[in-house]
Student: 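Have a look at the structure that comes next, please.
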Protein chains: 2
Amino acid sequence: METTGRTDQERSADRRRRELLEAADRVVLRDGPGASMNAIAAEAGITKPILYRHFGDKGGLYKALAVRHTDALLDALRAALDAPAERRERVEATLDTYLAAIEANPQVYRFLMHPAEGTSGGEAGFDVGLHSAPLLRRLGEELAKVIEERVDLGPESALLARVWGHGIVGMMHAAGDWWLGERPCSRAQLVQSLADLLWGRLAAAGDRVGGPGF
Amino acid sequence: METTGRTDQERSADRRRRELLEAADRVVLRDGPGASMNAIAAEAGITKPILYRHFGDKGGLYKALAVRHTDALLDALRAALDAPAERRERVEATLDTYLAAIEANPQVYRFLMHPAEGTSGGEAGFDVGLHSAPLLRRLGEELAKVIEERVDLGPESALLARVWGHGIVGMMHAAGDWWLGERPCSRAQLVQSLADLLWGRLAAAGDRVGGPGF
DNA sequence: GACTCTCGTTACCGCAAGTAACAACGTTCT
DNA sequence: AGAACGTTGTTACTTGCGGTAACGAGAGTC
């Protein structure tokens with residue numbers, strides 16, 4: 001079996017691809033997601049058409065970058081999720097892992113979540129991509145106000161209300177987005193499920209047979 | 001006092017602005033957020049520079065559009081939030097209002113939340129803006145798997161686990177995003193607050209004095 | 001009648017995505 | 001050896017969009 005022939009090419013192609021991705025990573029993390037293909041090519045020491053041969057179009061390149069980082073984050077989260085501990089501990093470990101990741105590398109996070117913002121320079125380049133944030137932020141703050149006004153949360157109520165406000169809005173948003181795409185159930189059912197979650201059913205539910213549950 | 005002089009102009013300018021916004025709305029909802037300024041101008045029956053005189057740049061126009069829709073949605077939500085009822089009922093009403101809104105007008109929703117996707121045509125135009133969704137979706141599905149494996153949720157567990165998976169991920173995401181921007185507390189504190197929320201503290205907390213709480 | 005101010009136009013610049021056509025080099029087949 | 005070929009790279013181009021400058025035409029004002 002001719003192991004070398006095609007394999008060599010594939011290996012070299014893969015290596016090249018990895019090199020290009022790393023260069024792209026550097027540029028994107030430095031210049032923000034608005035980085036031009038020319039800039040990325042220059043950083044990699046080559047010219048545009050090669051990038052296009054490897055990744056098809058700019059979307060392909062960005063997708064490849066996103067997959068890389070997403071995979072890395074997912075691995076870390078799976079580890080936290082699979083650690084041997086009680087449910088609450090796991091939940092906290094997972095939350096902490098996620099938050100630590102975005103805290104440790106905000107650049108990567110911003111690229112994955114808020115593309116088209118421009119990392120350096122003023123807020124000059126508006127462009128699309130940051131309209132969602134304002135809406136969710138406004139909703140979160142609004143809800144925080146209502147919570148703090150109406151629910152007795154003891155000390156630190158101001159902070160807690162804001163955390164919850166943004167958290168609940170995020171929950172609603174993500175679940176709604178997923179639901180809108182897949183339509184896995186009726187609206188009423190979704191509302192019930194989410195309200196149940198908020199009502200502590202996660203804390204109250206028993207473990208499945210065979211070890212500590214999530 | 002010369003009431004008419006300047007007021008007339010302002011009124012006509014405002015009316016023009018509203019007309020332009022409505023035209024832009026039509027185009028954006030039809031062609032997706034990738035709609036060009038030329039197309040919007042054409043729909044409004046005029047040419048580009050006028051748009052620029054009114055909105056500064058494309059970001060300004062989009063911002064104006066976003067604010068319009070955001071305000072409308074916020075009003076509806078405030079109404080649900082302020083209705084006289086018990087806390088759980090309010091929560092459900094608010095969730096339902098939000099979901100009904102995005103269900104009734106997915107185009108608007110997609111514009112606000114997932115700009116740069118292209119509404120019609122295949123998934124050809126990748127462009128930036130939809131990298132976040134894959135990550136959050138993957139996280140949500142992953143979490144759903146773990147939940148269903150490990151937590152006993154009774155009947156409909158598959159559906160419930162997915163709703164919760166996406167919901168919890170969304171909560172984590174939104175809270176993390178807000179926290180990363182404002183740094184209102186330590187990471188540990190945020191983790192605690194979110195875990196508390198998930199652990200049913202919202203259900204358990206007492207009302208504040210003076211009426212039914214959120 | 002000249003002045004100016006707003007609304008509108010055409011024609012342009014710059015820049016980035018994406019592509020076509022071509023040049024050099026190692027492989028392989030005859 | 002030498003010809004055909006695929007890979008790797010280039011330069012130079014097209015297309016399209018955001019944004020702007022410069023100009024034109026009415027309507028009110030001194």
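Chain letters run A, B, ... following the sequence lines, proteins first and then strands; every chain starts at 1.
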Student: Quick one: pull up CG in B/Leu51 and CD1 in B/Ile46 and give me the separation to the nearest 0.5 Å.
Tutor: 4.5 Å
Student: How close or far is atom P of D/dT20 from atom CE of B/Met37, stated in whole angstroms?
Tutor: 10 Å
Student: Check the distance between D/dT20's C1' and B/Phe55's CZ and give it to me in whole angstrom.
Tutor: 18 Å
Student: Measure NZ/A/Lys58 against P/D/dG16 and give the value in whole Å, please.
Tutor: 18 Å
Student: Could you check whether any side-chain N or O of B/Trp164 sits under 3.5 Å from a backbone N or O of A/Ser193, counting only pairs where one atom can act as donor and the other as acceptor?
Tutor: yes
Student: How many whole angstroms separate atom CG of A/Asn38 from atom C1' of C/dG14?
Tutor: 13 Å
Student: Give a yes or no on whether the backbone of B/Leu81 and the side-chain of B/Arg90 come within a donor-acceptor separation of less than 3.5 Å.
Tutor: yes
Student: Quick check with a 6.0 Å cut-off and a 45 degree axis cone: is B/Arg187 positioned over the face of B/Trp179's six-membered ring?
Tutor: no
Student: Check DNA chain D against residues 41-54 of chain A and give the residues with a non-hydrogen atom under 4.0 Å, in numerical order.
Tutor: A/Ile46, A/Thr47, A/Pro49, A/Ile50, A/Arg53
Student: What distance do A/Ile102 atom CD1 and A/Leu73 atom CG have between them, rounded to the nearest 0.5 Å?
Tutor: 9.5 Å
Student: Would you say B/His69 and B/Asp25 are linked by a side-chain donor-acceptor pair, where the criterion is simply a distance under 3.5 Å?
Tutor: yes
